[in-house]
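Everything below concerns the one structure shown next.
Chain letters run A, B, ... following the sequence lines, proteins first and then strands; every chain starts at 1. Every value quoted in this text rests on a predicted model; they were computed, and no experiment measured them.
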2 protein chains.
Amino acid sequence: MALKTIEEYVEVIYTLEMRSGRAHTTDIALILNIKPPSVTEMLQKLHDMDLVIYEPYRGAKLTPQGMKMAQELMQSHKTLVEFFEIIGIDNETAEVDACQIEHHVAAKTMKQLRKFVEFTQKAPCEPIWVKHFEYFDKTGIRKKCNLK
Amino acid sequence: MALKTIEEYVEVIYTLEMRSGRAHTTDIALILNIKPPSVTEMLQKLHDMDLVIYEPYRGAKLTPQGMKMAQELMQSHKTLVEFFEIIGIDNETAEVDACQIEHHVAAKTMKQLRKFVEFTQKAPCEPIWVKHFEYFDKTGIRKKCNLK
DNA sequence: TATCATATTTAGGACTACCTAAAGATACAA
DNA sequence: TTGTATCTTTAGGTAGTCCTAAATATGATA
């Protein structure tokens with residue numbers, strides 16, 4: 001099992017805070033699949049880093065700085081999932097892979113990927129290339145670019 | 001500095017082995033930006049895992065199993081770099097990001113991304129959508145799908 | 001072949017995220 | 001208010017990757 005990064009904690013805390021106003025030790029531990037004492041330890045560290053306000057026995061909430069990080073991560077996550085779905089990955093795999101990757105992509109790359117997703121989603125009509133890609137995916141045959 | 005994964009070592013060893021027949025401790029250390037004793041330690045571990053043949057004072061070579069892993073990683077790396085370049089990322093950033101990500105993508109996703117890259121590269125003519133995307137990238141304007 | 005610069009390993013230690021077991025706090029129900 | 005089940009933290013320890021300093025092996029050169 002890969003070690004949990006600061007980013008993963010921040011994201012989980014964000015989700016729990018949205019859900020119930022606060023992120024409790026046990027809930028974080030359940031989601032990250034680790035034991036509660038490990039979470040306590042990390043919450044103290046995140047508190048020292050000014051990413052969360054941690055009150056013993058009362059769980060944690062994100063600071064503005066932590067919130068900013070969380071929102072950027074959620075945005076990256078969303079972009080990756082949408083991209084994976086465009087290229088024909090099932091939602092479940094897309095979610096898992098997005099979690100694995102989202103912390104490792106440069107801001108510049110993420111921005112460009114976002115553009116690509118928007119380019120595809122904002123098409124005024126179903127883009128021909130998407131249909132062609134689906135066809136290529138199934139058959140291995142690459143249709144001519146400008147034929148339907 | 002992120003801790004080096006087994007995959008990173010395998011990839012570096014592959015590169016050095018291709019270049020000079022063997023991967024020496026110091027060369028690996030230089031590339032991974034760590035000190036030689038750390039490399040020795042890991043080579044012993046990789047040897048135990050049957051990923052390399054490690055002979056003290058003589059460096060390491062990949063086993064067939066290690067070679068297989070390396071080749072899969074190189075392939076993933078290539079796919080990612082090619083994809084990033086399609087969506088307009090400069091080569092340098094593409095290389096860096098590919099290294100960061102390649103170990104974290106599910107096989108299924110990698111396969112699909114490979115298809116997407118091939119779909120784009122194998123186009124019988126320059127795909128219209130790529131031009132449209134470049135235009136969208138520069139201007140923010142989404143052209144109609146089937147207009148040049 | 002003896003010497004010596006360089007490469008490598010060994011020894012010992014730091015740091016981090018994780019764990020289990022035990023102690024302490026909380027909150028709800030009797 | 002007291003008891004108790006649950007949640008949380010503290011204490012102490014493991015494992016993995018990294019480090020520096022010191023010891024050792026290698027190989028080229030004199």
What about A:Phe84 and B:Phe116, are their ring centers closer than 6.0 Å? no
Can you check whether B:Thr25 has a side-chain N or O nearer than 4.0 Å to OP1 or OP2 of C:dT9? yes
Output for pair (B:His24 NE2, B:Ile28 CD1), nearest 0.5 Å, gives 9.0 Å
Report the distance from atom CD1 of B:Ile101 to atom OG of B:Ser76, rounding to the nearest 0.5 Å. 11.0 Å
Which whole-number value in Å describes the distance from B:Met42 CE to D:dC18 C1'? 10 Å
Among C:dC19, C:dT10, D:dT8, which is the nearest nucleotide to the side chain of A:Tyr54? D:dT8
When you match B:Arg58 and B:Tyr9 each to their closest nucleotide on DNA chain D, which lands nearer the 5' end? B:Tyr9
Can you tell me the distance, in whole Å, between the CD1 atom of B:Ile6 and the P atom of D:dC18? 11 Å
May I have the distance from B:Lys35 (atom NZ) to D:dA21 (atom C1'), rounded to whole angstrom? 13 Å
Rounded to the nearest angstrom, tell me the gap between atom CD in A:Glu8 and atom C1' in C:dA17. 12 Å
If the cut-off is 4.0 Å, is A:His24 near the phosphate of D:dT8, judged by side-chain N/O to OP1 or OP2? yes
Fit a plane to each ring of B:Phe119 and A:Trp129, take the angle between them on a 0 to 90° scale, and name the class: parallel (under 30°), tilted (30 to 60°) or perpendicular (over 60°). tilted
Can you check the A:Glu7 CD to C:dA17 C1' distance for me, whole Å? 15 Å
At under 4.0 Å, does any side-chain N or O of B:Ser38 touch on OP1 or OP2 of D:dC19? yes
Nucleotide D:dC18, atom P - distance to CD of B:Glu41 in whole Å: 8 Å
Specify the residue among A:Thr5 and B:Val39 whose closest nucleotide of DNA chain C lies further upstream toward the 5′ end. B:Val39
Out of D:dC19, C:dC19, C:dT10, minimum distance to the side chain of B:Ile34 belongs to D:dC19
Quick one: label B:Pro36 by what it contacts on the DNA or RNA (base, sugar-phosphate, nothing), any heavy atom closer than 4.0 Å. base
Check every strand shown and say whether A:Pro37 touches a base, only sugar-phosphate, or nothing at a heavy-atom separation below 4.0 Å. base
Taking only side-chain nitrogens and oxygens of A:Lys45, does any of them come within less than 4.0 Å of OP1 or OP2 of C:dA17? yes
Separation of D:dT8 atom P from A:Leu30 atom CG, nearest Å, is 10 Å
Take atom CZ of A:Arg22 and atom C1' of D:dC7, then tell me their distance rounded to the nearest Å. 14 Å
Looking at B:Gln44, I'd like to know whether one of its side-chain N or O atoms comes within less than 4.0 Å of OP1 or OP2 on C:dT9. no
Given A:Leu80, which of A:Met110, A:Gln100, A:Glu85 fulfils the side chain to side chain contact (heavy atoms under 4.5 Å, CB included) condition? A:Met110
B:Tyr57 side chain, from C-beta outward: closest of C:dT9, C:dC19, C:dA25: C:dT9
